[in-house]
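Have a look at the structure below before the remarks.
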Amino acid sequence: MKFTYYIICTLGLGVALVGCGNAAPEVSPENCAGRGMERALDYYKNNEAERQKFIDGCDALKK
């Protein structure tokens, strides 16, 4: 019984995590600091205009 429960929980968590990372990061305090900033800038690594727009949004958020 416990083994089946663990398998179901693991599969559910895996599906939830796979569905999390497809959207573009938005300007927010969480995404403009620390690890959030690293992930956001990595997302925009091939689009310099969007990357600069995100950085400008973070600068405006700080003011």
Side-chain angles (χ1 to χ4, degrees):
M1 180 71 176
K2 281 187 176 183
F3 185 69
T4 305
Y5 175 75
Y6 290 132
I7 289 175
I8 291 171
C9 287
T10 302
L11 290 175
L13 181 60
V15 168
L17 290 176
V18 167
C20 286
N22 295 333
E26 297 178 7
V27 176
S28 67
E30 293 83 18
N31 287 337
C32 290
R35 184 68 181 139
M37 177 66 97
E38 289 178 23
R39 288 182 183 157
L41 293 180
D42 189 45
Y43 180 84
Y44 292 120
K45 66 183 171 188
N46 294 327
N47 189 343
E48 188 62 36
E50 289 294 319
R51 184 180 180 139
Q52 189 60 46
K53 183 178 174 183
F54 180 81
I55 292 171
D56 293 342
C58 286
D59 288 342
L61 185 66
K62 291 178 185 176
K63 291 181 182 180

Q) So, Y44 side chain and P25 main chain: donor-acceptor pair closer than 3.5 Å or not? A)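 Yes; judged by distance alone, with no hydrogens or angles, the pair exists.
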(Q) Can you give me the closest heavy-atom contact between K45 and R51, atom names plus distance? (A)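 Here K45 and R51 meet closest at CA-NH1, 3.9 Å.
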Q: Please name the pair of heavy atoms, one in C32 and one in L61, separated by the smallest distance, quoted to 0.1 Å.
A: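 Reported closest heavy-atom pair: SG-CD2, 4.2 Å.
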Q. How many angstroms lie between OH in Y5 and OG1 in T10, if you round to the nearest 0.5 Å?
A.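 Result: 10.0 Å between the selected atoms.
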Q. Around E26, counting heavy atoms of other residues, nucleotides and ligands shown, do more than 12 lie under 6.0 Å from its CD?
A.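 Counting neighbours around CD of E26, 12 or fewer heavy atoms of other residues, nucleotides or ligands fall under 6.0 Å, so no.
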Q) Are any of the side-chain heavy atoms of L41 and I55 separated by less than 4.5 Å? A)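 Touching, per the 4.5 Å side-chain cut-off.
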